[in-house]
Amino acid sequence: MTTPHSLTSALAHHIRQTIVEADGWIGFDGFMDLALYTPGQGYYAHGSTKFGVLPYAVQDGVRAAGSDFVTSPEITPLFGWTLAHQVAQALQVTGTQDIWEFGAGSGALALQILQALQAQGAPLPRYTIVDISGSLRARQQTTLAAYAEQVRWVDALPDDLQGVVLGNEVLDAMPVKLLTRIQGAWYERGVVLAAPDPDGTPSFAWADRPTELRPPLAIEGPQDYLTEIHPQGESFVRTLGHTLSRGAVFLIDYGFPEAEYYHPQRHMGTVMCHRAHQVDDDPLARVGQKDITAHVNFTGVALAGTEAGLGVLGYCNQGRFLMNCGLLSHMEAADLPTRVMAQKLIMEHEMGELFKVIGFYKGEPWQALGFETGDKTHTL
Ligand SMILES: C[S@@+](CC[C@H](N)C(=O)[O-])C[C@H]1O[C@@H](n2cnc3c(N)ncnc32)[C@H](O)[C@@H]1O
């Protein structure tokens with residue numbers, strides 16, 4: 001499904017109004033939030049396809065717009081079936097019975113985990129989804145129709161959370177602040193109005209302001225630099241830490257430890273946009289028509305969790321984690337096309353190395369299956 005121009009234009013007018021009301025400048029985090037999550041108009045709030053393997057779909061013999069990017073559970077069900085081994089162990093060790101998934105996308109991962117636990121003879125009594133996108137909730141309800149009795153959707157966390165928390169590619173979708181160092185001085189990079197398009201649609205430009213925000217300490221060298229900080233993602237992890245009284249957390253995403261994230265060579269930052277399986281670096285153009293993301297600073301995630309009373313169960317790359325959880329035996333039992341897709345999850349040049357998994361415990365530490373070998377917590 002395409003995004004009609006009228007929707008893009010309505011979103012651009014809404015962002016324009018917000019900028020005007022903020023005296024002409026908003027931080028990039030505010031812009032990213034509006035572009036992705038404005039109800040009914042933001043990228044995650046309207047009905048476009050978003051996730052999938054192909055950039056086009058065929059409807060009634062005609063080629064139509066398809067998805068923008070692919071995530072692990074969309075590549076192969078073996079992702080969720082394998083992760084389910086870790087989830088089953090965490091439920092058993094922590095004596096909990098609930099899964100809480102944040103940012104469930106099309107519902108594919110939830111379906112795979114529910115199927116796998118049922119196949120293991122341990123069907124789950126309750127699976128709770130928290131997603132800020134209303135249009136995706138409708139899609140998740142369709143995907144999970146066979147499990148309607150177990151699955152529920154909530155808008156907010158309870159005061160006391162117990163269970164296993166999952167989030168695949170949710171941290172990278174959370175708004176980030178941009179910081180830039182120019183000739184030794186730090187500025188916050190934000191968004192202002194530019195000359196409108198010929199048809200009157202508002203357009204946007206970058207503008208830097210002096211800032212009191214603390215720049216990342218890990219950046220070495222004097223060169224000009226653009227990067228992100230992640231107050232929203234880290235606050236999300238802190239909230240999890242404060243509310244989880246019993247259970248575990250597993251967050252999967254692309255990113256690095258701080259020393260790699262703020263490496264001198266990464267001086268252009270990591271903000272990226274995805275549309276029709278093409279990547280670009282201009283989040284100010286075609287608002288609402290593309291996903292906007294930033295890589296995750298896993299050191300920041302680990303610090304936020306430990307500040308809020310969690311302990312790190314382990315941290316490693318996705319390839320290692322999935323192999324520790326038994327992906328290879330699932331692959332042996334699968335047909336060739338499935339094996340080919342599953343390879344993408346673990347190959348270093350695909351998703352095996354860039355994607356990482358971090359696990360947290362509350363209370364007493366235990367040895368999690370996924371981190372049995374290749375744990376790199378010491379690099380955080
Ligand atoms: C990149 S998609 C990943 C979807 C899915 N997990 C997958 O792997 O296919 C990001 C998801 O996170 C959701 N999201 C973003 N911020 C969120 C938040 N603060 N709480 C819950 N969901 C959020 C979006 O609506 C979307 O479903």
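Because the structure is a prediction, the values reported are computed rather than measured. Each residue takes its place number in the sequence, starting with 1.
- One hydrophobic cluster, built from ILVMFWY side chains closer than 4.5 Å, holds both Leu354 and Met341.
- With Phe250 as the fixed residue, the side-chain contact (heavy atoms from CB on, under 4.5 Å) test singles out one of Ile358, Leu166, Asn168: Leu166.
- Results of the salt bridge (charged side-chain N to carboxylate O under 4.0 Å, His left out) test with Glu188 over Lys177, Arg209, Arg214 single out Lys177 as the only residue that passes.
- Residues Glu228 and Val271 are in side-chain contact: their nearest non-hydrogen atoms beyond the backbone lie under 4.5 Å apart.
- Aromatic ring pairs are classed by plane angle as parallel below 30°, tilted from 30° to 60° and perpendicular above 60°; the pair Phe236 and Phe102 is perpendicular.
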For this session: Could you go through the side-chain contact (heavy atoms from CB on, under 4.5 Å) check for Met331 and Leu78 one step at a time?
Result: CA-CA 8 Å; Met331 285 172 70; Leu78 266 53; 3.9 Å; yes
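- With a 6.0 Å cutoff to the six-membered ring centre and a 45° limit on the axis angle, Arg286 does not count as a cation-pi contact of Tyr43.
- With no hydrogens or angles considered, no side-chain donor-acceptor pair links Ser135 and His46 at under 3.5 Å.
- Summarising the geometry of Leu251 relative to Val249, their closest heavy-atom pair is CG-CG1, 3.9 Å, with the distance given to 0.1 Å.
- With hydrogens and angles left out, the side-chain atoms of Asp131 and Ser133 include no donor and acceptor closer than 3.5 Å.
- A centroid separation of 6.0 Å or more is found between the aromatic rings of Tyr147 and Tyr127.
- Residues Thr201 and Asp199 bring a donor and an acceptor atom of their side chains to less than 3.5 Å of each other.
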For this session: In sequence, state the C-alpha distance, the side-chain angles, and the governing distance for Phe31 and Phe204, and then conclude on ring pair (Phe, Tyr, Trp, His ring centres under 6.0 Å).
Result: CA-CA 10 Å; Phe31 179 88; Phe204 308 102; 5.6 Å; yes
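- Between the side chains of Asp208 and Thr180, not a single donor N or O lies within less than 3.5 Å of an accepting N or O.
- With hydrogens and angles left out, the side-chain atoms of Gln86 and Gln89 include a donor and acceptor closer than 3.5 Å.
- In the hydrophobic cluster analysis, where Ile, Leu, Val, Met, Phe, Trp and Tyr join through side-chain heavy atoms closer than 4.5 angstrom, Leu34 is grouped apart from Trp25.
- By the 30° and 60° cut-offs, the orientation of the rings of Tyr225 relative to Trp186 is perpendicular.
- Note: His295 and Tyr254 have perpendicular aromatic rings, judged against thresholds of 30 and 60 degrees for the angle between ring planes.
- Side chain to side chain, Ser106 and Arg139 fail the donor-acceptor criterion of an N or O pair below 3.5 Å.
- Side-chain contact between Leu336 and Arg339 is present, with heavy atoms from C-beta onward closer than 4.5 Å.
- Residues Val192 and Gly24 approach most closely at CG1-O, 3.1 Å, considering heavy atoms.
- Here the shortest heavy-atom pairing between Val237 and Leu310 reads O-CD1, 4.5 Å.
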For this session: For the pair Tyr315 and Phe371, evaluate ring pair (Phe, Tyr, Trp, His ring centres under 6.0 Å) and give the outcome as yes or no after the intermediate values.
Result: CA-CA 7 Å; Tyr315 164 75; Phe371 305 115; 8.3 Å; no
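- In this structure, Gln141 places its CD atom where more than 12 heavy-atom neighbours from other residues, nucleotides or ligands lie under 6.0 Å away.
- Side chain of Thr18 to backbone of His14: a donor-acceptor contact under 3.5 angstrom is found.
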Problem set entry | Verdict with supporting geometry, Thr306 and Val312, side-chain contact (heavy atoms from CB on, under 4.5 Å) | CA-CA 7 Å; Thr306 47; Val312 177; 4.1 Å; yes
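- At most 12 heavy atoms of other shown residues, nucleotides or ligands fall within 6.0 angstrom of atom CG in Asp23.
- Closest heavy-atom contact between Thr227 and Pro216: CG2-CG, 4.1 Å.
- Applying the 6.0 Å contact sphere to CD of Gln97 captures no more than 12 heavy atoms from other residues, nucleotides or ligands.
- When the options Lys356, Glu348, Glu353 are evaluated for a side-chain hydrogen bond (donor to acceptor under 3.5 Å, both in side chains) with Asn317, the one that passes is Glu353.
- Here the closest heavy-atom approach between residue Pro175 and residue Gln232 is recorded as CD-NE2, 3.3 Å.
- Below 30°, between 30° and 60°, or above 60°: for Tyr44 and Phe69 the angle between ring planes is above 60°, a perpendicular geometry.
- Between Lys290 and His274, every side-chain heavy-atom pair lies at or beyond the 4.5 Å cut-off.
- Note on Ile75 and Leu83: same hydrophobic cluster, where clusters join Ile, Leu, Val, Met, Phe, Trp and Tyr whose side-chain heavy atoms are under 4.5 Å apart, directly or indirectly.
- In this structure, Gln112 contributes its side chain and Pro73 its backbone to a donor-acceptor pair below 3.5 Å.
- Between Ser72 and Gln318 the shortest side-chain heavy-atom distance falls below 4.5 Å.
- Here Phe321 and Phe355 keep their ring centres 6.0 angstrom or further from each other.
- Between Arg275 and Asp68 there is no salt bridge, since none of the side-chain N atoms of the basic residue sits less than 4.0 Å from a carboxylate O of the acidic one.
- Ion pair Asp155/Arg137 flagged as a salt bridge, since at least one NZ, NE, NH1 or NH2 atom sits closer than 4.0 Å to an Asp/Glu carboxylate oxygen.
- Judged by distance alone, the side chains of Tyr261 and Thr270 do bring a donor and an acceptor atom under 3.5 Å apart.
- Residue Asp197 comes nearest to Ser203 through the heavy atom pair OD1-CB, 3.8 Å, listed as atom of the first residue, atom of the second, then distance.
- The shortest side-chain heavy-atom distance between Arg320 and Glu372 does not fall under the 4.5 Å cut-off.
- Judged by distance alone, with hydrogens and angles left aside, the side-chain atoms of Asp253 form a donor-acceptor pair with the main-chain N or O of Leu171 at under 3.5 Å.
- No side-chain heavy atom of Ser245 sits less than 4.5 Å from a side-chain heavy atom of Lys362.
- Summarising the local packing, CG of Asp224 is surrounded by more than 12 heavy atoms from other residues, nucleotides or ligands at distances under 6.0 Å.
- Salt-bridge check for Asp160 with Arg246: failed, with every basic side-chain N at 4.0 Å or more from each acidic carboxylate O.
- Neither Val340 nor Leu327 shares a network with the other; the hydrophobic side chains, linked directly or stepwise wherever heavy atoms of I, L, V, M, F, W or Y lie under 4.5 Å apart, form separate groups for each.
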